[in-house]
Amino acid sequence: MAILRPITKSQYEVSFTALGGPTFTAVFTKFSGINDNSDSSTYANGTGNRIYHVVGPRTADNVTLTAPYDPSIFKPLEEFWLNYNCEPITVTVTPRSCDGEGEAVGGGQYICYECQFVSITTADVDRESADVQEIEVEFTVNYFERT
């Protein structure tokens, strides 16, 4: 019998790669996950007392990534956003071992293709707060694979 060895939610590294362009890699502390779903409808067959279901086209919800904001680490991502012209990007999410160095047991990655940035949130100012500043990016996902 296999022994279950789940990984923690904090063990992910994320890379953004522009088509024919640069790659930005950082560790994000929150990843909304991939929610790939489809709409469904129901219908009656007209001759019986039964309702049937049909499933429509699939769509993936937008994905958000959040991390504590370090200006020296995330400046290249902010510059990437400022120069962004709606080109498709590839986003790779890699599970890491607890020490953050190697791949997690079982390995593999989530690779999101044909993504486009939707928003970036940074530079939230509150002079009465000691909360950690965060950066958040949101992007679309057209399709993905698990390697």
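- Crowding of N37 atom CG: a count of heavy atoms from other residues, nucleotides or ligands under 6.0 Å exceeding 12.
- Side chain of N85 to backbone of E87: no donor-acceptor contact under 3.5 angstrom is found.
- Taking CG of N35 as the start and OG1 of T59 as the end, the distance is 9.5 Å to the nearest 0.5 Å.
- V63 has its side chain out of reach of C112: every pair of non-hydrogen atoms, C-beta onward, lies at least 4.5 Å apart.
- Linking Ile, Leu, Val, Met, Phe, Trp and Tyr residues whenever their side-chain heavy atoms come within less than 4.5 Å places I34 and V91 in a single cluster.
- In this structure the side chain of Y69 never reaches within 4.5 angstrom of the side chain of E134, judged on heavy atoms.
- Put simply, F139 and I111 are part of two different groups of oily side chains (I, L, V, M, F, W, Y) that touch within less than 4.5 Å, one to the next.
- For the pair T29 (side chain) and T66 (backbone), a donor-acceptor distance under 3.5 Å is present.
- Once rounded to the nearest 0.5 Å, the distance linking CD1 of I135 with CG of D124 reads 12.0 Å.
- Note that the OG1 atom of T90 and the CZ atom of F144 stand 14.5 Å from one another [nearest 0.5 Å].
- Rounded to the nearest 0.5 Å, atoms OG1 (T122) and NZ (K75) are 13.0 Å apart.
- Judged as a salt bridge (Lys or Arg N to Asp or Glu O under 4.0 Å), and not counting sequence neighbours, the contacts of R58 are D36.
- Q109 CD to T147 OG1: the interatomic distance, rounded to the nearest 0.5 Å, is 4.5 Å.
- In this structure, F117 and F16 have tilted ring planes: the angle between them lies in the 30° to 60° band.
- You'll find the side chain of V14 stays beyond 4.5 Å of the side chain of F31, heavy atoms only.
- The OG1 atom of T92 lies 9.5 Å from the CD atom of E145; values are rounded to the nearest 0.5 Å.
- Y143 and I89 are not part of a single hydrophobic cluster, where members link through side-chain heavy atoms under 4.5 Å apart.
- Remark: side-chain polar atoms of Q116 are paired, donor with acceptor, to backbone N or O of C86 under 3.5 angstrom.
- Residues D131 and D126 have side chains not in contact (no heavy-atom distance under 4.5 Å, counting atoms from C-beta outward).
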